[in-house]
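Just below is one structure, and these are the notes that go with it.
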Number of protein chains: 2
Amino acid sequence: MTARLEPNMTDISRSGCPINLSLEVLGDKWSLLIIRDMMFGNRRHFRELLTKSEEGISSNILADRLKTLLDEGIITREDDPTHKQKGIYSLTEQGIELLPVLAQMAAWGYKYLPVSEELGIRARLLSEGGPKLWAEFMDELRENHLGTKRRKRTGPSVGERLQAAYDSVVQRK
Amino acid sequence: MTARLEPNMTDISRSGCPINLSLEVLGDKWSLLIIRDMMFGNRRHFRELLTKSEEGISSNILADRLKTLLDEGIITREDDPTHKQKGIYSLTEQGIELLPVLAQMAAWGYKYLPVSEELGIRARLLSEGGPKLWAEFMDELRENHLGTKRRKRTGPSVGERLQAAYDSVVQRK
DNA sequence: CAAACTGATTGCGATTTGCAACTGGTTGTA
DNA sequence: TACAACCAGTTGCAAATCGCAATCAGTTTG
């Protein structure tokens with residue numbers, strides 16, 4: 001959007017409270033949705049994030065948020081070798097560790113807000129799975145986004161299970 | 001700020017995703033800070049929330065957010081019997097159950113952002129205490145905000161322990 | 001070579017933010 | 001009873017942000 005005066009940082013913060021600092025980075029209506037789509041929808045390109053999201057973010061907002069998330073070290077960007085213009089966005093460890101925040105937020109929303117059935121199923125499974133399932137999913141994210149060595153795998157991944165559950169609900173309706 | 005056309009609801013939502021719905025309610029830079037101050041600072045009056053917060057919210061924003069949080073069922077307001085003008089704001093069960101969200105957000109901020117020592121100590125203790133400590137603290141919040149029957153208590157409450165830790169760091173500096 | 005696709009950028013009106021001043025009322029004190 | 005201090009907000013206004021639509025320049029596909 002508006003170019004920031006300095007490349008990054010130097011933004012004076014309102015306080016050194018961890019919650020406040022987190023909100024200064026993520027406290028808007030889009031940033032965490034972008035993280036969500038990268039985590040659960042495996043969206044890695046600008047176009048994917050732009051067009052395949054439920055909520056319909058506009059391109060200038062998306063570009064601005066991606067820039068901020070880059071500056072904050074929550075995501076990285078690298079060139080896609082198959083296409084000179086495409087960039088591949090990846091979560092950093094810092095970004096991956098936002099999963100528990102998203103999981104708690106999803107659990108709260110699932111319990112108290114008018115969540116649609118198909119979009120609620122992931123929240124339910126994630127909530128029921130608890131921190132152990134979150135850790136497993138975060139390991140998978142490390143594989144996909146950080147290129148961490150693949151561990152032994154028995155059965156479908158958490159990501160696959162969440163997707164399968166979603167598909168199954170959509171199918172049934 | 002701007003009066004909503006209808007008392008509440010009827011705001012069309014971007015999607016039925018639990019994370020999106022949560023962000024539509026809480027996705028701004030102030031709402032969760034107000035919740036935080038009610039939870040950890042035991043701020044219950046307008047003036048307390050206005051003047052005793054680290055970040056310095058302005059009165060119109062505070063009034064607007066309190067209205068929204070009321071509409072959403074996250075807090076309630078009752079008259080203070082000791083003062084005809086004072087209102088007492090309390091968390092609902094729905095509001096109290098935002099604690100895990102705040103705790104995860106605090107833990108993430110504590111790990112990755114330039115948190116001040118005195119304001120980080122609560123985050124550290126809360127993170128180390130884990131879900132078990134959160135549940136204990138939520139029970140205390142139910143006592144203080146919902147008037148739930150007081151359970152047997154051994155030693156200082158979680159709230160007191162967090163406050164004592166904060167005071168101790170401030171003292172030492 | 002043209003159409004479609006890529007990651008963005010720009011213009012612009014509508015909305016939201018945030019500061020400061022202010023309102024109408026209540027309480028404490030002399 | 002006068003008066004200052006305190007209470008919960010409200011109002012005005014300028015600045016910043018949001019969000020839609022159009023556009024852009026380079027890349028790939030047919």
Side-chain angles (χ1 to χ4, degrees), chain A residues 1-5 11-15 20 23-34 37-38 43-71 75-90, chain B residues 1-5 11-15 20 23-34 37-38 43-71 75-90:
Chain A
M1 207 77 94
T2 316
R4 49 189 72 215
L5 299 178
D11 304 318
I12 195 65
S13 78
R14 300 179 297 187
S15 88
N20 174 58
L23 286 172
E24 287 184 4
V25 178
L26 304 166
D28 73 271
K29 300 213 185 304
W30 289 111
S31 298
L32 285 174
L33 291 183
I34 295 171
D37 284 347
M38 292 182 70
R43 316 264 188 267
R44 306 291 290 270
H45 302 284
F46 191 92
R47 278 293 142 173
E48 286 179 327
L49 288 163
L50 185 68
T51 60
K52 293 184 183 174
S53 91
E54 285 281 329
E55 293 85 9
I57 191 170
S58 47
S59 59
N60 53 346
I61 306 286
L62 176 58
D64 178 76
R65 294 303 185 281
L66 288 173
K67 215 171 291 173
T68 304
L69 292 172
L70 277 168
D71 287 347
I75 62 175
T76 56
R77 194 208 128 110
E78 56 190 326
D79 292 337
D80 184 334
T82 74
H83 190 302
K84 282 182 184 169
Q85 266 180 324
K86 273 187 180 175
I88 304 180
Y89 291 98
S90 301
Chain B
M1 208 74 100
T2 315
R4 52 188 67 215
L5 299 177
D11 304 318
I12 195 66
S13 78
R14 300 180 296 187
S15 88
N20 174 59
L23 286 172
E24 287 184 4
V25 178
L26 303 166
D28 72 272
K29 302 216 186 302
W30 290 111
S31 297
L32 284 174
L33 291 184
I34 295 171
D37 284 347
M38 291 183 70
R43 315 262 188 268
R44 307 290 289 272
H45 303 285
F46 191 92
R47 277 296 138 169
E48 288 181 326
L49 289 163
L50 186 66
T51 61
K52 294 184 184 175
S53 93
E54 286 280 329
E55 293 85 8
I57 191 171
S58 49
S59 58
N60 53 345
I61 306 285
L62 176 58
D64 180 75
R65 294 304 185 279
L66 287 173
K67 216 170 291 175
T68 304
L69 292 172
L70 277 168
D71 287 348
I75 61 176
T76 56
R77 194 209 129 111
E78 57 191 324
D79 292 336
D80 185 333
T82 75
H83 190 302
K84 282 180 182 168
Q85 265 180 325
K86 275 187 179 173
I88 303 180
Y89 291 98
S90 302

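Each chain gets a letter, A, B and so on, in the order the sequences are listed, and its residues count up from 1. Everything numeric here is computed off the predicted structure, so don't read it as measured data.
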**Request:** Taking only the side-chain heavy atoms of B/Ile61 (C-beta and beyond), determine which of D/dG9, C/dA20, C/dT17 contains the nearest atom.
**Result:** C/dT17
**Message:** Can you see whether B/Tyr89 has B/Arg77 sitting over its ring - NZ or CZ less than 6.0 Å from the centre and within 45° of the normal?
**Reply:** yes
**Fill in**
Ordered by number, residues from residues 25-32 of chain A within less than 4.0 Å of DNA chain C (heavy atoms) are none
**Item:** Gap between atoms CZ and C1', on B/Arg44 and D/dA8 respectively (whole Å)
**Value:** 17 Å
**Complete:** Between CG of A/Asp64 and P of C/dG11 the distance, given in whole Å, is 16 Å
**Message:** Can you give me the closest heavy-atom contact between B/Ser31 and B/Val25, atom names plus distance?
**Reply:** OG-O, 4.2 Å
**Request:** Spell out yes or no: do the side chain of A/Ser59 and the base of C/dT9 have one donor N/O and one acceptor N/O closer than 3.5 Å?
**Result:** yes
**Message:** What is the separation between atom CZ on A/Arg43 and atom C1' on C/dG7, rounded to the nearest whole Å?
**Reply:** 17 Å
**B/Arg65 vs C/dT17: side-chain N/O to OP1/OP2 distance below 4.0 Å** = yes
**Request:** By nearest nucleotide on DNA chain D, pick out whichever of B/Phe46 and A/Gly56 is the more 5' one.
**Result:** B/Phe46
**Complete:** NE2 (A/His45) and CD (A/Gln85) are apart, to the nearest 0.5 Å, by 13.0 Å
**Request:** Sequence neighbours left out, what passes side-chain contact (heavy atoms from CB on, under 4.5 Å) with A/Arg14? Give chain and number order.
**Result:** A/Asn20, A/Glu24, B/Lys29, B/Trp30, B/Leu33, B/Glu55
**Request:** Find the distance between CG (A/Leu66) and CG (A/Leu50) and round it off to the nearest 0.5 Å.
**Result:** 10.0 Å
**Request:** Report yes or no: do B/Arg44 and B/Ser90 form a side-chain donor-acceptor pair below 3.5 Å?
**Result:** yes
**Message:** What is the distance, to the nearest angstrom, from the NZ atom on A/Lys67 to the P atom on C/dG7?
**Reply:** 15 Å
**Prompt:** Going by number, which of residues 80-88 of chain A have a non-hydrogen atom under 4.0 Å from DNA chain D?
**Reply:** A/His83, A/Lys84, A/Gln85
**Closest to the B/Asn60 side chain, choosing from C/dG11, D/dG9, C/dC19** = C/dC19
**Complete:** Interatomic distance, CG@A/Leu26 vs CG@B/Leu32, rounded to 0.5 Å, equals 11.0 Å
**Item:** Nearest-Å distance for atom pair CD/C1', residues A/Glu24 and D/dT17
**Value:** 16 Å
**Message:** Without decimals, in angstroms, what is the distance between A/Leu23 CG and C/dT17 P?
**Reply:** 13 Å
**Complete:** Separation of D/dC18 atom P from A/Glu55 atom CD, nearest Å, is 16 Å
**Message:** Side chain of A/Arg77, heavy atoms from C-beta onward: which of D/dG12, D/dA8, C/dG7 has the nearest atom to it?
**Reply:** C/dG7
**Complete:** In this structure, OG of B/Ser13 is separated from CD of A/Glu54 (nearest 0.5 Å) by 10.0 Å
**Prompt:** Within this structure, what is the CG-to-P distance between A/Leu69 and C/dA8, rounded to whole angstrom?
**Reply:** 13 Å
**Fill in**
Closest non-hydrogen atoms of A/Leu49 and A/Leu62, given as atom of the first, atom of the second and distance, are CB-CD2, 3.9 Å
